[in-house]
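Any value given below was found using the heavy atoms of this structure, including those in side chains, with hydrogens, waters and symmetry copies removed. We count residues from 1, following the sequence as given. Order of appearance sets the numbers: ligands from 1, and atoms from 1 within every ligand.
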Amino acid sequence: MGTHEPDPYDVVGIGFGPSNLSLAVALEEQQASPSSRIEATFFERQAEFGWHRNMLLPGATMQISFLKDLATFRNPASRFTFITYLHEAGRLAQFVNNQDFFPTRQEFHQYLEWAAARIDYDVSFGSEVTTVRLPESAGSGEPEHLEIEVGTPSGRKLVRTRNVVISTGLVPRMPEGVERGDRVWHSSEFLTRFAALNPADLKNVAVVGAGQSAAEIAGFLHDALPHAQVSAVVPSYGYSIADDTPFANQVFDPAAVDDYHFGTAQAKDAFWRYHKNTNYSVVDDEVIRDLFRRSYEEEVRGAKRLHLLNLTRVASVDRAGDAVKVTLDSLLDAERREVTFDALVFATGYDTMEPTTLLGDLNRYCLRDEAGRLVVERDYRIATTPELPFGIYLQGGTEHSHGLTSSLLSNLAVRSGEIADSIVYRRSQRELGTLTVG
Ligand SMILES: Cc1cc2nc3c(=O)[nH]c(=O)nc-3n(C[C@H](O)[C@H](O)[C@H](O)COP(=O)(O)OP(=O)(O)OC[C@H]3O[C@@H](n4cnc5c(N)ncnc54)[C@H](O)[C@@H]3O)c2cc1C
């Protein structure tokens, strides 16, 4: 049994990926004076800071400009900008000489780690939040805070807070009925799983999917296993390009959040219909061209080992010892084939963040629209009935209410600033006595 913190925090952050890291930056920069300090703490289930570590493939680049970092769009003078990081790392001049808006993912990871290490708030790693709830005693009177249950390395802990910001990230998606294992992986576990096997044992491998991760993994396997056959099982007729041209890119601007949030249902629908190809099931131009070049060169040499299986879907997966038996359905000839691979990677994407499980009993206070989706206010706070006067904020899982940037980094700095503003504003209302609790 854990212990209670003495006082409620102003805010507890659940998850410490880029979203809540950016929130910590925004909260820290909110402090006008020590007395106005926002009391916050963060819980992260990973043992240390890590941003999609299993996809830090050599050479893989960011899909946003380095200026869309943790702080710049909200406060270019922040001590947490990517430029400050480069300056401290002694690479600013070389970065500029490199003339590239899109750093490698490895470099951006280093930047995020650097920022995480400078944050002034407590971050508890190895700590998984299991429930957010009202305290049991709340039944009799007005609740004064929320209670957060956390599994820590030293046992269960309960923490009190007036607000939570849930930023637990995307959830890896596997096709129905397919079990993960040492030879059947999701892209989110790729590098760890790959490192656990002897490359010499991987003579015939496949990656399933049509998006950025699928294409990157196909290229990686082709490089890392020069002796192997590499198949790309693609449901479309080859990879399609991610539209990152300037007009389309505006869908990721902070202003687009207002246009989306306050737009009509038809406007929201149009955002998705016309601009889904800025992010979903699409691949960067450079990565597509690189894969095509490899495939073409192999054709010229008459030694093909990168195989694009277009319009093909996985019907079933069976393990047989170290082999993975896969049934593939091709729309091209309507044939069904059995193929055996030494490893199979599903780069089949992610489901959106879903806070329902964490919220448990609190779900009954959360308002939902006619489609059953959470109603989320412009300040990213879940709309609740008056019996729940605390702030439950979401970073992620707000595609339906705030648009395409919901699960991305593009709008991090501004979004977390808006959440920090809302928390500060609600605290001042409470202190003035115009807000009951939150
Ligand atoms: C390979 C890859 C590359 C990407 N590249 C880009 C890009 O270039 N540009 C872009 O805009 N977007 C990109 N994305 C989208 C991605 O969603 C964002 O980059 C980013 O990770 C969002 O940050 P986040 O903090 O919301 O979520 P996450 O980074 O997923 O962080 C959530 C954190 O919460 C922790 N957590 C989960 N549940 C709990 C719990 N119950 N208790 C405690 N901790 C918990 C997790 O361990 C994790 O560390 C990429 C996604 C992937 C998969």
Atom indices of ligand 1, in the order listed, that fall short of 4.0 Å to a heavy atom of [X]:
X      : answer
Leu170 : 17 (O)
Ile64  : 9 (N), 11 (O)
Gly17  : 25 (O), 31 (O), 33 (C)
Met62  : 8 (O)
Ser167 : 32 (C), 33 (C), 34 (O)

Rounded to the nearest 0.5 Å, what separation is found between the OG atom of Ser281 and the NZ atom of Lys276? 6.0 Å

One should read off an interatomic distance between Asp69 CG and Leu112 CG, to the nearest 0.5 angstrom, of 9.0 Å

N-O pairing of [X] and [Y] below 4.0 Å:
X      : Y      : result
Arg162 : Glu39  : no
Arg160 : Glu147 : no
Asp421 : Arg426 : no
Arg79  : Glu29  : no

Closest to atom 47 (O) of ligand 1 among Glu44, Glu128, Arg53, Lys68 (heavy-atom distance): Glu44

Pick one of side chain, backbone, both or neither for how [X] approaches ligand 1, counting any non-hydrogen atom pair under 4.0 Å.
X      : value
Tyr350 : side chain
Ser127 : backbone
Met55  : side chain
Ser19  : both

Within the structure, does [X] bring an N/O atom to less than 3.5 angstrom of an N/O atom in ligand 1?
X      : answer
Arg45  : yes
Arg105 : no
Gln63  : yes
Leu358 : no
Arg415 : no
Trp51  : yes
Leu408 : no

Where is the nearest protein heavy atom to [atom]: which residue, which atom, and how far?
atom                    : value
atom 23 (O) of ligand 1 : Pro18 CD, 3.4 Å
atom 17 (O) of ligand 1 : Ser407 O, 2.6 Å
atom 40 (C) of ligand 1 : Val129 N, 3.8 Å
atom 39 (C) of ligand 1 : Thr168 CG2, 3.6 Å
atom 27 (O) of ligand 1 : Gly169 CA, 3.5 Å
atom 51 (C) of ligand 1 : His52 NE2, 3.5 Å
atom 34 (O) of ligand 1 : Gly15 CA, 3.3 Å
atom 11 (O) of ligand 1 : Leu409 N, 2.7 Å

With a cut-off of under 6.0 Å to the ring centre and 45° to the axis, is Lys268 in cation-pi contact with Tyr260? yes

Lys NZ or Arg CZ of Arg378 over Phe262 ring: under 6.0 Å, within 45°: no

State if Ser22 counts as touching ligand 1 under the rule of any non-hydrogen atom under 4.0 Å. no

Gly396 near ligand 1 by a heavy-atom separation under 4.0 Å: no

Please check if any side-chain donor atom of Asn97 sits under 3.5 Å from a side-chain acceptor atom of Gln94, or the reverse. yes

ring-ring contact (aromatic ring centres under 6.0 Å, His included) between Phe220 and Phe194, worked out: CA-CA 11 Å; Phe220 174 90; Phe194 182 76; 5.2 Å; yes

More than 12 heavy atoms from other groups under 6.0 Å of [atom1] on [X]:
X      : atom1 : answer
Asp329 : CG    : yes
Glu387 : CD    : yes
Arg180 : CZ    : yes
Arg305 : CZ    : yes

Output every pair passing ring-ring contact (aromatic ring centres under 6.0 Å, His included) with a member in residues 277-297, not counting sequence neighbours, ordered by first then second residue. Trp272-Tyr280

Given Arg37, which partner from the list Asp10, Asp120, Leu27 fulfils the side chain to side chain contact (heavy atoms under 4.5 Å, CB included) test? Asp120

Considering all protein heavy atoms, does one lie under 4.0 Å from atom 14 (N) of ligand 1? no

